[in-house]
Amino acid sequence: MSKSADIAEKYPGPRTPSPLSQSIRFNFEEKLGKYPHKVEAALRGDLESALSVVYLDVNTDICNHNCTFCDGFHRPLSRAVISTERILELIDEMEELGVLAVVLAGDRGEPLMHPGIARVLDRFARSPIQLGMYTNGSILPPRLVKAVGSMAWIRVSADAGTAQTHRKMHAYTHQRDDFATLQKTLRALTDTVPDVGVSFILDPLNVHEIRQAADILLSAGAHFIEYKPKYLPNYTVDTEFLADHAEIIEKSITVAQQNWGPRVVLNNQISGLLDGQEEPRLERDPRPCLTSALRMVVSSHGCYSCTPYRGESERRFGDVLTQSLRTILRGQRRVELVGRPCTRRCAYDAQNDFLIDLATTGRTLPVSLSSARPQDAFI
Ligand code: SF4
């Protein structure tokens, strides 16, 4: 039996739409409407003025965990950091370009392990640029709590409802109790960071802890928990596992939603599965990507159009270790990549369709009059 037929049999649809897919939770039209100058720059092809969000991998292959699901393991990576001095220069350059927001992360790396992270956070604290961060939540030194507590959002990779499963999913030594530390981190940040989320990658090791994770992590102060599929090489998801476990996933998520309401969030592919789609779809018809005019990934091994293409040489452009950000944005390669069609159905799929609609119909972007919240800058 094919995988899709297998899913359809075990999980027949159609069903009542799941209440909270990512595209519903984040009202991108309203957010874009708060930054019309950025959208206008993207539509007229002014790539320097359009740049709004930089996903900054401060280090590569430097982490205190070895998560079994980390997409970095699918790619050859060499240990590296972007030096503190270069990051501080980059902040100056991003301010000059009018960048709205930076996502601090690592490529198979934990950003809080960067040797200069205290200086970097201190510099961002004096910048109009909004900050978000992906972290495993296991190393937040007391001296950094205040700086991290002023971020617009934090995403903590949790992936478990017990210490034992957390240790297996994140593959670290038995001497540590990082699941307890993670909960402590959530408690420390929940009052000051406006948007604290935990992620839960569905896997055979943790599928029986879906409800428990929601209970424990939301009680510890996370504002929401998001369930996601495991990504495999070439932008595919683990459909075989999802097919085999569709029933337990649906039942557990339904109970979690009954208990916690909108604080239980589903990524688009999981939402689609629960809505009766035969198979999570990550491919679609080719179209250009205007979202990639607004965003870029900066890492020690080059710059990329967006996180789904991170590490893929055909979407690589420029190198912040040897070039200024402005030179990179002016380069022919950047122009060519923004215009190149994409067939991936990513988290920005609906936003991108909206931007293409604006570009092709000449429709005017509805300007949002309500004042921007810190997390709105991540367009
Ligand atoms: S549509 Fe394609 S190019 Fe654009 S952000 Fe998504 S994956 Fe990247």
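First listed ligand is number 1; within each ligand, the first listed atom is number 1. This one's a predicted model, so the numbers in the text were calculated from it and none came from an experiment.
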With sequence neighbours left out, what residues match N352 under side-chain hydrogen bond (donor to acceptor under 3.5 Å, both in side chains)? none
Classify the angle between the aromatic ring planes of Y172 and H65 as parallel (below 30°), tilted (30 to 60°) or perpendicular (above 60°). parallel
Everything protein-side that's N, O or S and under 2.8 Å from atom 2 (Fe) of ligand 1: list it, residue and atom. C342 SG
Would you check whether R287 reaches within less than 4.0 Å of ligand 1, judged by its heavy atoms? yes
Side-chain heavy atoms under 4.5 Å apart, restricted to Ile/Leu/Val/Met/Phe/Trp/Tyr: what other residues fall into the cluster of L205, or is it alone? F69, M169, I201
Using a strict 4.0 Å threshold on nitrogen-to-oxygen distance, state whether R123 and E89 make a salt bridge. no
Is the shortest side-chain N to carboxylate O distance from R287 to D349 below 4.0 Å? yes
Quick one: list whatever passes ring-ring contact (aromatic ring centres under 6.0 Å, His included) with H301, sequence neighbours left out. Y304
